[in-house]
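A short write-up of the structure that comes next.
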Protein chains: 2
Amino acid sequence: MMFESLKKELKKRNINLSYQRLKILEYLAQNQCHPTVDQIYTDIQKSIPTLSKTTVYNTLKKLVEEGLVRVINIEDTESRYDINIEDHGHFKCENCGNIFDFSINMDSLVCNGLDNFRIFDRHVYFKGICPQCS
Amino acid sequence: MMFESLKKELKKRNINLSYQRLKILEYLAQNQCHPTVDQIYTDIQKSIPTLSKTTVYNTLKKLVEEGLVRVINIEDTESRYDINIEDHGHFKCENCGNIFDFSINMDSLVCNGLDNFRIFDRHVYFKGICPQCS
DNA sequence: TATTAAATTGTAATAATTACAAACTTGTAA
DNA sequence: TTACAAGTTTGTAATTATTACAATTTAATA
């Protein structure tokens, strides 16, 4: 099986290398389009017919806890998942619904009022209309 | 009835001044703690016993469409509402669950990859541990 | 290869949100 | 001030996303 680097990431964190987990991670690595649980489940089910949606939820939860994957909550109706954990922003087009990545320099953002707050996670998202829909 | 300025905002946008809408707006103005639908519903129901949760949803939807209120989606399990539509960031404490406002200068954030994107809405939120919980 | 702990599965339960039609209000104009 | 049309509220039912849980299966290790 491929994706030795992903396996190493799991081993490093003492996460068992189950077939389902590897397939979900592989899927996220190959589909960096911020898929929903339903998209992940539906697509992987083609190669693992017995796959349960609960497993997708469990796996994503674990991957997020371990910092291998990030959740994107832009709409209240859907959580999306992103294997790219570098600082970057998300742009959601209100017309076509697509989510685009854009690069940001988080350190450039001037903030006030966070003295003595311990920050683990920083999210930036914009909404509007993408060039294709304009 | 008080809150003449809120009434004016509604009139300006041709939104009918129903009692429920005024009460919901008044509540949001007096409770800038980013309440959930359930909190809004439960609290206002004390003064309007016949209030329906559907009305709260309908009203919030309309207020958001008209730009009088913003939705905050930090957790996938709950949408929160904010009458403060100035640029500002939200910090969610992962221990106590409270959401804190902090000030940001959006123009200071260096972004790339958004040429020809029309931006309507910009959101910034951080997660971590607040000073009290540290 | 046997053992033990952990993961997967499927179903049922929960929670948030939306759809919808009947009853009720609001704004407007006579 | 009243009457009408358009818009709003209400309550219930439906939908959707997510979680709980127990039985079965699988992975890691000795």
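Here is the naming used below: chain letters follow the sequence lines, and residue numbers restart at 1 for every chain.
- Rounded to 10 degrees, the angle between the two end axes of the helix from C:dT1-D:dA30 to C:dA30-D:dT1 is 40°, with five pairs used at each end.
- Ring centroids of A:Phe91 and A:Phe126 are separated by 6.0 Å or more, keeping the two rings apart.
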Q) Hey, mind stepping through A:Glu78 and A:Arg80 against salt bridge (charged side-chain N to carboxylate O under 4.0 Å, His left out) and telling me if it holds? A) CA-CA 6 Å; A:Glu78 56 183 22; A:Arg80 292 171 173 274; 3.0 Å; yes
Can you tabulate the close N/O pairs, meaning under 3.5 Å, that link protein atoms to atoms of nucleotides 1-6 of chain C?
none

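- Listed in residue order, the members of residues 33-45 of chain A having a heavy atom less than 4.0 Å from DNA chain C come to none.
- With hydrogens and angles left out, the side-chain atoms of A:Asn73 and A:His123 include no donor and acceptor closer than 3.5 Å.
- For A:Arg118 and B:Glu94, the salt-bridge test fails: no basic side-chain N is under 4.0 Å from an acidic carboxylate O.
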Q: Please report the C-alpha distance between B:Arg70 and B:Asp121 in whole Å, then the side-chain angles of each, then the deciding distance to 0.1 Å, and finally whether the salt bridge (charged side-chain N to carboxylate O under 4.0 Å, His left out) criterion is met.
A: CA-CA 9 Å; B:Arg70 298 186 89 184; B:Asp121 236 1; 3.2 Å; yes
Q | Trace of the side chain to side chain contact (heavy atoms under 4.5 Å, CB included) decision for B:Lys46 with B:Asp43 | A | CA-CA 6 Å; B:Lys46 291 171 192 159; B:Asp43 285 350; 3.4 Å; yes
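- Residues forming a side chain to side chain donor-acceptor pair (under 3.5 Å) with B:Tyr57 (at least two apart in sequence, or on another chain): none.
- For the pair B:Gln20 and D:dT10, the criterion of a side-chain N or O lying under 4.0 Å from OP1 or OP2 is met.
- Cluster partners of A:Ile85 are absent, since no Ile, Leu, Val, Met, Phe, Trp or Tyr has side-chain heavy atoms less than 4.5 Å from it.
- Looking at residues 47-58 of chain B, you'll see B:Thr54, B:Tyr57 sit with a heavy atom under 4.0 Å from some atom of DNA chain C.
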Q: Walk me through it: do A:Lys62 and A:Glu65 pass the test salt bridge (charged side-chain N to carboxylate O under 4.0 Å, His left out)?
A: CA-CA 5 Å; A:Lys62 175 142 270 198; A:Glu65 279 168 7; 5.6 Å; no
